[in-house]
Amino acid sequence: QLQLVESGGGLVQPGGSLRLSCAASGFTLDAYAIGWFRQAPGKEREGVSRISSSGFRTVYADSVKGRFTISRDNAKNTVYLQMNSLKPEDTAVYYCAGDPLGGSRLYPFNDMKYSNWGQGTQVTVSS
């Protein structure tokens, strides 16, 4: 059973940067596409980015395109989300999730396509 643990969240000023990590255990990560999602208070969970199992294909939500970069190091069993030019509206709990079947390829931000979820890490963007 794949287990995912997010880290790297925190408090940052607008315009700042953070790098989130999603570390996997219990299974080799290279069998999974990984998605990043976030949920702000009072809002529904939304997809942020997805990376294929090989790392060759990535996709981003319009709201983060050009500011966030997803990457993976399968040798370290870790996926990263580099977040630059952060805005207050990026404030949320960020989750990573694993898709072993590839169903998220056509629906990258459909959380039903992911079967393994981390516990989340809080990101707060505020001055």
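Since the structure is predicted, the reported quantities are computational estimates derived from the model, not experimental observations. The first residue in the sequence is number 1, and the count goes up from there.
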Would you call Val125 and Lys87 a side-chain contact if the rule is heavy atoms closer than 4.5 Å?
no
I'd like to know if Asp90 and Arg67 make a salt bridge, using a cut-off of under 4.0 Å between side-chain N and carboxylate O.
yes
Is there a side-chain contact between Leu101 and Tyr32 in this structure, where contact means two heavy atoms from C-beta onward sitting under 4.5 Å apart?
no
Closest non-hydrogen atom pair between Thr91 and Gln122, with its separation:
CG2-NE2, 4.0 Å
For Leu4 and Cys22, the nearest pair of non-hydrogen atoms, with its separation, is CD2-SG, 3.9 Å
So, are Asp62 and Lys65 salt-bridged, with charged N and O less than 4.0 Å apart?
yes
Looking at side-chain heavy atoms only, is the closest gap between Thr58 and Tyr60 below 4.5 Å?
yes
Under a 3.5 Å cutoff, is there a donor and acceptor pairing between the side chains of Arg50 and Ser104?
yes
Could you check whether Arg38 and Tyr94, counting side-chain N and O atoms only, form a donor-acceptor pair closer than 3.5 Å?
yes
Heavy-atom side-chain proximity of Ile70 to Val79 below 4.5 angstrom:
yes
Could you tell me if the side chain of Met83 sits less than 4.5 Å from the side chain of Ser17, heavy atoms only?
no
Nearest non-hydrogen partners of Leu81 and Ser49, listed with the distance:
CD1-CB, 4.2 Å
Given Asp73 and Thr78, is the side chain to side chain donor-acceptor pair (under 3.5 Å) satisfied, shown in steps?
CA-CA 5 Å; Asp73 185 339; Thr78 303; over 6 Å; no
With rounding to the nearest 0.5 Å, note down the distance linking CD1 in Ile51 to CD1 in Ile34.
9.0 Å
How would you list all residue pairs meeting ring pair (Phe, Tyr, Trp, His ring centres under 6.0 Å) that involve residues 34-59, not counting sequence neighbours?
Phe37-Tyr114, Phe37-Trp117
Return the minimal non-hydrogen interatomic distance between Pro14 and Ser127, and the atom names on each side.
CD-N, 3.7 Å
What's the shortest heavy-atom distance between Leu2 and Ala24, and which atoms?
CD1-CB, 3.7 Å
Please answer whether the main-chain N or O of Ser25 pairs with a side-chain N or O of Gln3 as donor and acceptor at a distance below 3.5 Å.
no
Could you identify which residues cluster with Val59, counting Ile, Leu, Val, Met, Phe, Trp and Tyr as linked when any side-chain heavy atoms lie under 4.5 Å apart, either directly or through a chain of such contacts?
Phe109
Testing the basics here: between Gly8 and Leu18, what is the closest heavy-atom pair and its distance to 0.1 Å?
O-CD2, 3.8 Å
I'd like to know if Arg72 and Asp30 make a salt bridge, using a cut-off of under 4.0 Å between side-chain N and carboxylate O.
no
Any donor-acceptor pair under 3.5 Å from Asn74 side chain to Asn77 backbone:
no
